[in-house]
Structure formats: structure tokens, C-alpha cells
Chemist: 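What follows is a single structure, and I will ask about it in a moment.
Predicted model only: the values in this text are computed from it and were never measured. Index from 1, following the sequence. Both ligands and their constituent atoms are indexed starting at 1 by order of listing.
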Amino acid sequence: NIAFNVDEIRKDFPILNREVNGYPLVYLDNAATSQTPKQVMDAIVEYYSNYNANIHRGVHSLSQEATDKYEGARKKIQQHFNAEKAHEIIFTSGTTHGINLVASGFASILKKGDEILVSALEHHSNIVPWQMLCEKTGAILKVIPMNQEGELIYEAFEDLLSENTKMVFLNHVSNALGTINPIKKIIDKAHEKGAAVLIDGAQAAPHIKADVQALDVDFYVVSAHKMCGPTGVGVLYGKEEWLNKLPPYQGGGEMIATVSFEKTTYAELPHKFEAGTPNICGGIAFGAAIDYMNAIGFEAISRYEEELLDYATLKLQEIEGMKLYGTSREKTAVISFNIEGLHPYDIGTLVDKMGIAVRTGHHCAQPIMDFYKIPGTVRASFSFYNTKDEIERFIEAVKKAKMMLS
Ligand SMILES: Cc1ncc(COP(=O)(O)O)c(CNc2co[nH]c2=O)c1O
């Protein structure tokens, strides 16, 4: 890994030099989407400049080149997540697509009265597909509760588990609070009851290098745009045994072996789940993003982001009326907060006038806001290319916004 030098790293992100409302941009909305280094942009330009062609089955050289690069990216992603086989990596359009693919597949497995467990910390994209599945199958959705610190209550999870539990799904990291969930413990416990586990890794992927074999997880989903890649592409990792049990998600080209009006047979993994022309460039650029982050190193990224988180937390807590949500000791560099008597939306709008980009609202995690009985929060989420100077500007802007609103 290269020595961690944030000033050198920032040179890879042209957008960080721009101004917003006459101020230098301070981008602290990384949990929504990360910024894109020029190494990833170069991979996109290179694809469309030199080897854009439709993949698989093409007999011409350009198609073979594009296919090799696309399948090469799949292998890179397989190695990154330490999947046993490349065909356990299914390209998707992102986390939401991956979750819907699995939930849809379980419609042919679950029956009335089966139970599926979801955590209270989930993003809507890891709640709604499962509610739709329950509507279809008569399965019962049960919720693993959270505590005031924004952590799952493990004992309650154990109590909810029963012989009827067929699936457990939760995020590796909460997008609204930053809480890192004890997923290995949960996976092992769920497997004791024979339940399959899907982990939503969208928010973990930019901070933690998940090892799917060590976790023994059944499904793990991520989006490229959370980890320096482009939007519109992600992957679903699934254990081969599980992916072979699920029916195809979409019908069309690529996902078939033979088609006749009498009978159609489906392709082997991974193509069974990859109908139609995929986001070829997106998949290749995702591979470039993984190379980029691994060159810096997740250990170095994690250490640096922890420094940023501790510093920002300390400085925010100096502000009178500050209330932080998500105070687990195990968390990534995400801070959700409110200031007594002020609406998060007003704070977010005012700091934007000073060039600071944060997100306000329920963050597609309304059950968490309901738990805390609040309409939403201001969420600042940091990445390895943010600096302490930017945190100081952010804190000053919050203080100024508070003054203007009081
Ligand atoms: C935990 C989690 N799961 C799933 C998703 C959906 O990912 P997508 O399919 O790539 O959209 C998100 C996106 N989270 C956010 C998107 O904008 N602000 C956020 O916090 C997320 O944070």
C-alpha cells in the first residue's frame, strides 16, 4: 500500500477543488455516494475510447477484449470479497437490485407461516422487498429491536430466532447511524437454526473489506458508487448452493442456454441472473475502483477515518444543544445529529450556503427516526479524502447556522 497522504490522495478527485455558493466545497455526504477518482474516470474513458463492444458470444476481437475486461473485473471483485468462485459474483445495478433479486427468488422457497427477521436499523431497500415477499407468500416479518445507542439488541435476536426462521437480513453498517453490526455472531447463530443470512454491505464496503468465506454469509450486496465507483452497478455475492436454488430474476438474452417456444433452458451461474446487456463499462470501472481503494489500503483508510470521526464528534459535542444519534463504540465515520429546537433541514440548507454538503432527513431509514421520535437528522459522513480543516469549516458553518436560526 502507498503511504497514506491525504493531500496527495485529494489530487485524484478533481471535484474536491470546486466551489459551491462561492465557497470551496466541503463534501461530507459520502454515505449517500462517494466521489470518483480520476483513475476510475480514466477506466471509463478508456473503455468507450478503445474497446466498447457488446460482450459474450461475440466472435470479433473487440467483443472479446470487452468480455475479457468485464470478466476480469468480476474476478477482481471475487478476490476483493474473497468469494470462493467468480460465478458467485452477480453483477447488479446496485444494492437495491441485489436485495430484490434475492427476495424475489425466495418467493418460490418460503411458505405461509415461515418467519424472516429484519433489523430495526435497515435502509428501506432492505425492508420493502421483504415486506413485498411476505405479502406474496404469507411469511411473517419480525423485527430485531435496537437500543438508544443505535445498536441491535442481540439477546432479542436470539429470542426471535426459532425453527420457523428461514431468513435473517441486516446491514453490516447502518447508513443513518454508522453502527457496525456484529454480523459474524449473527450469521453463526442464524445458521444454527438453519436460516439463511443476507448482509447489506452498501455502507460497509467503503470502510471495511468483508471476507465472505470467513463470514460464511449466504448473500452479501454492495453498490459501486459507495466505494469510489460509478452509479448503476453493484454486485450480489451468493453462495453457489443458494444461487443454484433461486430461479432466474429476469428473463431475456444472456440468461438462457436454449430457447424454443416449447421449452427454454437457463444459463449457468452467473449469467442466469444477468439478463440483457449489462452495464459493461460500470462493471469494469467498479474493478478500477476496487484497485484504487486497495492500493491505498483499507487498514490505512479505516485508521484515518477514525481520526476524522473522533475529531468531528469532539468538536460537535462542544456545541450547546447538540444531540448525537448512533453512539455505539463500533461505528464507521458517520455522524447523525440534531440541535435542540432546530429542524435538521434548516441546518442542512444553511451550511450548504457555506459550501458544506451534508444530508438531512430520514435517510431512507424512517423506522430509526420513529424509534428516536424525530423527523430526521443532519448526517455528516466522512471519507479518506476529507481533512481536519474541512471538519473545522463544517463545525464553524454549523455554529453559524445555529446562530442564524436562534
Ligand atoms: C445501507 C444501505 N442499503 C442500501 C442502500 C441502497 O443503495 P443503492 O441501491 O445503491 O441506492 C443504501 C443507500 N444509502 C443512501 C443513499 O443515499 N443516502 C444514503 O444513505 C444504504 O445506505
Chemist: Does ligand 1 have a heavy atom under 4.0 Å from the side chain of His225, from its backbone, from both, or from neither?
Modeler: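 The answer is the side chain of His225.
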Chemist: Give me the nearest non-hydrogen protein atom to atom 22 (O) of ligand 1 as residue plus atom name, then the distance to 0.1 Å.
Modeler: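 The closest one turns out to be Gln203 NE2, 2.7 Å.
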Chemist: For the 3.5 Å polar cut-off, considering only N or O atoms, please tell me whether Asn171 and ligand 1 meet it.
Modeler: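 Min N/O separation from ligand 1 is not below 3.5 Å for Asn171.
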Chemist: Do other residues, nucleotides or ligands put more than 12 heavy atoms under 6.0 Å from the CD atom of Gln39?
Modeler: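 Counting other residues, nucleotides and ligands, CD of Gln39 exceeds 12 neighbours.
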Chemist: Suppose I only count heavy atoms of Asn175 and a 4.0 Å limit; which atoms of ligand 1 are within that range?
Modeler: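 So the answer, numbered in order with elements, is 19 (C), 20 (O), 22 (O).
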Chemist: For atom 16 (C) of ligand 1, which candidate among His363, His123, His172, Lys226 holds the nearest heavy atom?
Modeler: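 The option holding the nearest heavy atom is Lys226.
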Chemist: Contact between ligand 1 and His97 is defined here as a heavy atom of the residue under 4.0 Å from a ligand atom; is it met?
Modeler: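 The answer is no, since His97 has no heavy atom less than 4.0 Å from ligand 1.
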Chemist: Determine, for Glu71 against Arg74, whether the closest basic-nitrogen to carboxylate-oxygen distance falls under 4.0 angstrom.
Modeler: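 So Glu71 pairs with Arg74 through a salt bridge.
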Chemist: So, does Asp200 sit close enough to ligand 1 that a heavy atom of it is under 4.0 Å from the ligand?
Modeler: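 Yes, that is the case, since the closest heavy atom of the residue is under 4.0 Å from the ligand.
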Chemist: Under 6.0 Å from the ring centre and within 45 degrees of the ring axis: does the NZ or CZ of Lys323 meet both conditions for the six-membered ring of Tyr325?
Modeler: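 Flagged: Lys323 positioned over aromatic ring of Tyr325.
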Chemist: Using heavy atoms and a threshold below 4.0 Å, how should the contact between Ala31 and ligand 1 be classified: side chain, backbone, both, or neither?
Modeler: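 Within the 4.0 Å criterion, Ala31 contacts ligand 1 through backbone atoms alone.
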Chemist: Would you mind checking which non-hydrogen protein atom is closest to atom 11 (O) of ligand 1, with the distance to 0.1 Å?
Modeler: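 Going by distance alone, atom 11 (O) of ligand 1 is nearest to Thr96 OG1, 4.0 Å.
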Chemist: To the nearest 0.1 Å, how far is atom 17 (O) of ligand 1 from its closest protein heavy atom, and which atom is that?
Modeler: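 Protein heavy atom at minimum distance: Ala32 CA, 3.5 Å.
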Chemist: Near Ser125, which atoms of ligand 1 are under 4.0 Å from a heavy atom of that residue?
Modeler: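 Contacts of ligand 1 toward Ser125, numbered from 1: 3 (N), 4 (C), 5 (C), 6 (C).
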Chemist: Is the NZ or CZ atom of Lys388 positioned over Tyr311's six-membered ring, under 6.0 angstrom from the centre and within 45° of the axis?
Modeler: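 Relative to the ring axis of Tyr311, which defines the angle, Lys388 lies inside both limits.
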Chemist: Measure from NZ or CZ of Lys185 to the centre of the six-membered ring of Tyr154 and say whether it is under 6.0 Å with the direction within 45° of the ring axis.
Modeler: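 Because its charged atom sits under 6.0 Å from the ring centre and within 45° of the axis, Lys185 does stack over Tyr154.
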Chemist: How close does the nearest protein non-hydrogen atom get to atom 20 (O) of ligand 1, and which residue and atom is it?
Modeler: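 Going atom by atom, the protein heavy atom closest to atom 20 (O) of ligand 1 ends up being Arg379 NH1, 2.7 Å.
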Chemist: Is Lys239 positioned over the aromatic face of Trp242, cation under 6.0 angstrom from the ring centre and no more than 45 degrees off axis?
Modeler: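 Here Lys239 fails the 6.0 Å and 45° test against Trp242.
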Chemist: Taking 4.0 angstrom as the limit, do Glu163 and Lys193 come out as a salt bridge?
Modeler: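 Salt bridge flag = yes for Lys193 with Glu163.
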Chemist: Looking only at the aromatic ring of each residue, does the gap between the centers of His271 and His56 stay below 6.0 angstrom?
Modeler: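 Yes.
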